[in-house]
Amino acid sequence: MVDINLLIAVLENVLTAKVLLLILLGVTYGIIFGVIPGLGPPLAIALLIPITIGLDPVAGLALLGAAYIAAVYGGAISAILLNTPGEPTSVATTFDGYPLARQGKAHIALGVSLLSSFVGGVISLIALVLLAPLLADVAIQFGAAEYFAIGVFGLVVIAAVSRGALLKGGIASVLGLLLGFVGFSPTTGVSRFTFDISYLSSGLSLVPIVVGLFAISEAIMLVDQGGTITSDSDDVAASNGGETPSGEISVPTGSLVEGIREAAKRPGSMLRSSLIGVGFGIIPGVGAAIANFVAYFDLQSSSKESDKFGKGAIDGVIGPEASNNAVTAAALIPTLVLAIPGNVATTLLLGALVFYDIRIGPLLFAETPELAYSFFAAILIANVAMFVIGYFVSSRLIPLTKLPVEIIGPGVIIMSIIGTFALNFQMLDSVLALIVGTLTVMLRKLEFPPVNIVFGLILAPILETNYQRALQLSGGEYGIFLDPGPLTLFALSAIVIGYNLVKAITGVQIMDRVVKR
Amino acid sequence: MDLQNRNLDKRELERYASLFAVVVFLGLFAYLHSLAVDYPRRGGQFPVLVLRAGIFFCIAYLVYQTIVLQLYPSLKRDENGGMGEYLKGSKSQFDVAIRFKRGIILLTGIIAFYAIGTVNLVLAVFVCYTAIMLALGKRDPKLVIGSAGGLSIFVYLVFVIILDVPLEVF
């Protein structure tokens, strides 16, 4: 039953010129922070918090919420145009978004991403409003063994999407996990793999490594290739003495509306991926990073055209984009209902809520329903604003793919250096990004997938903490991992592995028959 | 035919390079394993598990490449396709000497950027970005100056004004 008085109060709170203007500013600002390598939602929110101190709670939270969802979406723009995800949550978007951009179909990829992000955001918001207390109850049932099993499931899914390179993917995942072990152990405090280097003692930051793995390696490879992002280098004549060819585009281009239409033709894909985003978003800490890969894997394995994945499949953009934006509001569910933030960005939002003296927890909806629902309404408006502003911003950025790589490559490297430096004001962070970027070029040439490295790095502390905690709880008995919850997740992992092995073997047999004919 | 042979040679070369890389990783994992087993208070317990998995993957890869593929050559096709082609990027338009030269240009530009950045960040962006573009072969003054100027202004607005990054950076 809708409470009319509450609805009117919420509309009065949100539909003011001040709040609407702040939402527009927040969305624009968030998209810019999402696009720039090294920045992203956490930094976007962190920088806004001091500004919101002078604002009333609704206006302040509207600004923060708008910047949050727009920064998540902004990551997709650079992921598609430059193969540079601003955040780990946009990594899977590069799998098919960037190939589409290289084929001269950046408009389509951006249109698909825009509508998918919008749908994901709205579905997630509906889940937040309708199911928050119920979903939070489910999330709280998860113990250490379940979290460990979810992490393992994530690693398995990553291996599954990096098909054709399963063993190399496994080695890359181990490399990522090892990078995550550098510094003090989260459970025992023992210093590991630091080699007496003080910079390593506090562990390696995620952002410089993500920037190095994706932005810098891509920029170096583009400069090495020549032409433009969209030019088909294979058909271009060899060098003309260091002077770059004009790089005219001979491939057809689509329009953003075309991409939106393509996504609209696939409501089932958007819904499935959004629900996956909601499901994983409510799991604090683990969900956001895994959701986009699981959604990608889900659509890939259920598609009749799974061979097109990794080469520019529309569903390959829908999956990650609908799910990562669905995570945004879903991650607020444990944040608001249980005071357990789902990721760094929601931790900062939680800080802002505490600053405004808002009662977090089950009583939030009982004591301050106007404020809670005004926040949700502001996020809904921000999603609409993101759709409109994102449309115009994306269109303006498409020419980036048509610029010569001599302009794009050095620009991305310079922005990456400054972006990684600005994070902690540490020069070594930017040097780390450059080293990682250079090594990644070699790894990519040998088909070691960089995505596995970043994922290992993200999951290392989660896996280790929950593994140790589960064993502590069980008194060292490994049987705790065979409880129904973790066992179900391990079984799911085994199914994914089995499915991929069967697919790989039968794929080879079919090819054999074709060759024999 | 020549092109086909060249492609085969390239794939073989990449295969040997991959084998070499995996041997290096195997050595690295074994070394780190020897460190991890000595960490006190079970600090190395989980890393040891992961390192053993890494050693297993490396050995499995080496066995697969050196034994299984010799016995069942048809399995080699499984290595093609997927995300590999986009992972490796497109073929370069340049010969090896020019590719090397372009790499050196980038490296020199980055070193110069750090050096000039100690004096003024925005100046470093403008000077180094312009110099790298010119050195890489871009001669259109409107495009070069426009790009460098645009990026410098953007860096000033976002990083210096909003993020409070000092002008004398690094």
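Each chain gets a letter, A, B and so on, in the order the sequences are listed, and its residues count up from 1. Just so we're clear, the structure is a prediction, and the values are computed from it rather than from any experiment.
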Contacting moiety of [X], where chain B heavy atoms sit under 4.5 Å:
X: A:Leu471; answer: side chain
X: A:Phe195; answer: side chain
X: A:Val441; answer: neither
X: A:Ser191; answer: backbone
X: A:Ile407; answer: both
X: A:Ile171; answer: both
X: A:Leu463; answer: both

Nearest 0.5 Å, what's the [atom1]-[atom2] distance between [X] and [Y]?
X: B:Leu106; Y: A:Glu406; atom1: CG; atom2: CD; value: 10.0 Å
X: A:Met415; Y: B:Phe159; atom1: CE; atom2: CZ; value: 4.5 Å
X: B:Leu157; Y: A:Ile32; atom1: CG; atom2: CD1; value: 9.5 Å
X: B:Ile132; Y: A:Ile414; atom1: CD1; atom2: CD1; value: 5.0 Å
X: A:Leu446; Y: B:Leu19; atom1: CG; atom2: CG; value: 10.0 Å

Proximal component of [X], with respect to chain A [non-hydrogen, under 4.5 Å]:
X: B:Ile110; value: side chain
X: B:Ser147; value: side chain
X: B:Val50; value: both
X: B:Ala60; value: both
X: B:Leu49; value: side chain
X: B:Phe29; value: side chain

Side chain to side chain contact (heavy atoms under 4.5 Å, CB included), that's the test. Do B:Phe57 and A:Ser173 meet it? Break it down for me. CA-CA 10 Å; B:Phe57 287 136; A:Ser173 296; over 6 Å; no
For a quick test of reading the model, state the closest non-hydrogen atom pair linking [X] to [Y] and the distance between them.
X: A:Glu464; Y: B:Pro47; value: OE2-CD, 3.9 Å
X: A:Gly226; Y: B:Arg102; value: CA-NH2, 4.2 Å
X: A:Ser430; Y: B:Tyr114; value: OG-OH, 2.7 Å

Would one find more than 12 heavy atoms of other residues, nucleotides or ligands at under 6.0 Å from atom CZ of B:Phe154?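 Counting other residues, nucleotides and ligands, CZ of B:Phe154 exceeds 12 neighbours.
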Looking only at heavy atoms and a cut-off of under 4.5 Å, which of A:Ile413, A:Leu222, A:Leu175, A:Leu177 has the most pairs with chain B? A:Leu175
For chain B, find which of A:Leu403, A:Thr438, A:Leu434, A:Asp224 contributes the most heavy-atom pairs closer than 4.5 angstrom.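 Top option by heavy-atom pairs under 4.5 Å: A:Asp224.
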Please evaluate residues B:Val22 and A:Phe448 with respect to the criterion side chain to side chain contact (heavy atoms under 4.5 Å, CB included), reporting the C-alpha separation (whole Å), side-chain torsions for both, the decisive distance (0.1 Å), and the verdict. CA-CA 10 Å; B:Val22 172; A:Phe448 286 91; 3.8 Å; yes
Mind listing the side-chain donor-acceptor pairs of residues 421-428 of chain A below 3.5 Å, one per line with the distance, residues two or more places apart or on another chain?
residue: A:Asn424; atom: ND2; partner: A:Asp429; partner atom: OD2; Å: 3.2

Only heavy atoms, only distances under 4.5 angstrom. Which residues in residues 31-39 of chain B are near chain A?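 Result: B:Tyr31, B:Leu32, B:Leu35, B:Ala36, B:Tyr39.
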So do A:Val174 and B:Phe25 actually touch side chain to side chain, heavy atoms under 4.5 Å? no
